[in-house]
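From a predicted model like this one, the values you see are computed outputs, not experimental measurements. Per chain, numbering begins at 1; letters A, B, ... match sequence-line order.
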There are 2 protein chains.
Amino acid sequence: MKLSTKGRYGLRAVLDLAVHADDEAMALSQIAERQSISMNYLEQLIAKLKKAGIVTSIRGAQGGYKLALPAEEISVGDILRALEGDLSPVDCSLVTSNEGICSNADSCVTKYVWKRISDSINDAVDTIKLSELVAESRKVQAGIGTTDTKAKQTCGNSVK
Amino acid sequence: MKLSTKGRYGLRAVLDLAVHADDEAMALSQIAERQSISMNYLEQLIAKLKKAGIVTSIRGAQGGYKLALPAEEISVGDILRALEGDLSPVDCSLVTSNEGICSNADSCVTKYVWKRISDSINDAVDTIKLSELVAESRKVQAGIGTTDTKAKQTCGNSVK
DNA sequence: GTATAACCAAGTAATTTAATAGGAATTAAA
DNA sequence: TTTAATTCCTATTAAATTACTTGGTTATAC
């Protein structure tokens with residue numbers, strides 16, 4: 001139940017692009033260096049983002065990438081789904097037609113659980129817009145450390 | 001971002017136990033057969049559930065497993081965390097101390113995203129009690145198919 | 001025309017997953 | 001007191017996935 005580096009690196013890369021973008025295109029090599037991500041690997045991630053219509057590219061010298069939309073119109077959900085595929089906790093085929101159509105009452109019932117989890121994840125990520133993260137990033141930039149203690153709370157044994 | 005078979009099989013196994021349990025202990029072989037799960041594999045899963053205090057065991061002939069608590073007092077979250085480890089979308093160490101303490105503003109900011117996702121997942125699973133699933137399972141048993149069309153809605157291309 | 005960049009496809013090492021296998025310990029019942 | 005049933009425990013393994021790396025080709029500003 002973990003995101004891969006695709007989602008983790010990819011979100012950072014898009015955020016980097018959003019924070020540092022002016023109207024010029026930004027070369028991938030710059031993002032890769034700032035974020036300490038392998039440029040070749042990042043290439044594969046940005047290809048997915050481009051395919052999903054989140055970034056656009058300009059080829060050739062002085063080329064690079066731009067956001068395809070204003071940051072207010074891009075949600076974290078859009079970015080993560082582009083990189084990770086759907087964010088459901090089980091494969092879609094399992095939700096619909098797993099093991100025959102509800103041949104077993106219990107697998108039928110657990111589908112409700114997967115759907116509730118899926119909905120809550122998608123709801124969470126869809127309500128976070130890239131613009132919020134940009135704003136937050138600029139705040140952090142200018143007064144380090146404020147956020148870190150909060151983040152630590154996630155890590156107790158009792159997550160609840 | 002998928003649950004493994006540990007979580008999927010394990011939840012079904014606990015539900016099976018809850019549905020079919022009387023006051024006698026239930027042998028794992030019966031659960032394995034009813035749920036079409038390898039008995040040897042299920043053994044490993046139930047060991048985790050036992051360690052987490054969700055089931056108790058009785059050894060020897062006529063032995064088996066029982067719920068350690070009434071189904072109303074066991075949440076799906078308890079079960080899934082026992083089987084899968086914590087349900088955060090990133091490893092905890094990443095949330096607290098990844099890549100130095102916020103050496104990079106963007107990784108610092110994305111931690112908020114992981115925390116929001118984590119909280120929403122845990123909130124979703126903690127509010128579903130095993131007893132609800134038992135009731136639902138009995139309903140399904142007696143009038144197949146009502147749930148299936150609903151489950152299908154998860155599967156469109158647009159999850160939103 | 002040359003440097004700079006995006007674009008593309010294949011390969012690979014390491015890790016994780018989903019089991020399988022084989023036995024030891026415990027206990028109810030014959 | 002033996003036997004059968006059952007939990008308990010550890011090690012091994014095949015397959016899949018992940019996280020890259022490698023080695024190019026194509027487009028374009030200067």
Residue pair V76(B) / L133(B): nearest heavy atoms and the distance that separates them: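 That closest heavy-atom pairing would be CG2-CD1, 3.7 Å.
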Closest approach of S75(A) to K129(A) (non-hydrogen atoms, all atoms of both residues):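 Between these two residues, the closest heavy atoms are CB-NZ, 3.8 Å.
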First encountered from the 5' end of DNA chain C, between I46(A) and M1(A):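 The answer here is I46(A).
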Residue whose nearest DNA chain D nucleotide is more 5′ - K6(A) or N40(A):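 The residue whose closest nucleotide sits nearer the 5' end is K6(A).
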E73(A) atom CD, over 12 foreign heavy atoms within 6.0 Å: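 Check passes, neighbour count above 12.
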Given atom [atom1] of [X] and atom [atom2] of [N], what is their separation to the nearest angstrom?
| X | N | atom1 | atom2 | result |
| --- | --- | --- | --- | --- |
| L3(B) | dA18(C) | CG | C1' | 15 Å |
| L42(A) | dA5(C) | CG | C1' | 14 Å |
| D91(B) | dT15(C) | CG | P | 14 Å |
| Y41(A) | dC7(C) | OH | C1' | 18 Å |
| Y65(A) | dT4(C) | OH | P | 17 Å |
| Q44(B) | dT20(C) | CD | P | 10 Å |
| E43(B) | dG22(C) | CD | C1' | 11 Å |

Nearest listed nucleotide, side chain of T5(B), among dA6(C), dA10(C), dA18(C):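 The listed nucleotide nearest to T5(B)'s side chain is dA18(C).
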Minimum-distance nucleotide (side-chain atoms of Y9(B) versus dA18(C), dA19(C), dT20(C)):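 Nearest to the side chain of Y9(B) among the choices is dA19(C).
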Students often get this wrong, so: under 4.0 angstrom with heavy atoms, is [X] touching a base, only sugar-phosphate, or nothing?
| X | value |
| --- | --- |
| L28(B) | sugar-phosphate |
| K51(B) | nothing |
| K2(B) | nothing |

Can you check nucleotides 28-30 of chain C for protein contacts, nitrogen or oxygen pairs under 3.5 Å, and list what you find?
from    : atom 1 : to     : atom 2 : distance (Å)
dA28(C) : O4'    : A61(B) : O      : 3.3

Chi angles and distances behind the side-chain contact (heavy atoms from CB on, under 4.5 Å) call for K50(B), I46(B): CA-CA 6 Å; K50(B) 193 191 166 186; I46(B) 203 113; 5.7 Å; no
Salt-bridge contact D86(A)-K2(B) (side-chain N to carboxylate O under 4.0 Å):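 Between K2(B) and D86(A) there is a salt bridge, with a charged N closer than 4.0 Å to a carboxylate O.
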N-O pairing of K139(B) and E136(B) below 4.0 Å: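 So K139(B) pairs with E136(B) through a salt bridge.
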5' to 3' contact window, DNA chain D with chain A (heavy-atom distance under 4.0 Å):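 Endpoints of the contacted stretch of DNA chain D: dA19(D) to dA29(D).
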Cluster check V19(B), L67(B): I/L/V/M/F/W/Y, side chain < 4.5 angstrom: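 Yes, because V19(B) and L67(B) connect within a single hydrophobic cluster, where side-chain heavy atoms sit under 4.5 Å apart.
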Evaluation steps, salt bridge (Lys or Arg N to Asp or Glu O under 4.0 Å), between K115(A) and D119(A): CA-CA 6 Å; K115(A) 175 150 170 54; D119(A) 287 350; 3.1 Å; yes
Given V55(A), T56(A), I31(A), the one that forms side-chain contact (heavy atoms from CB on, under 4.5 Å) with Y65(A):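 Looking at V55(A), T56(A), I31(A), the match for Y65(A) under the side-chain contact (heavy atoms from CB on, under 4.5 Å) is V55(A).
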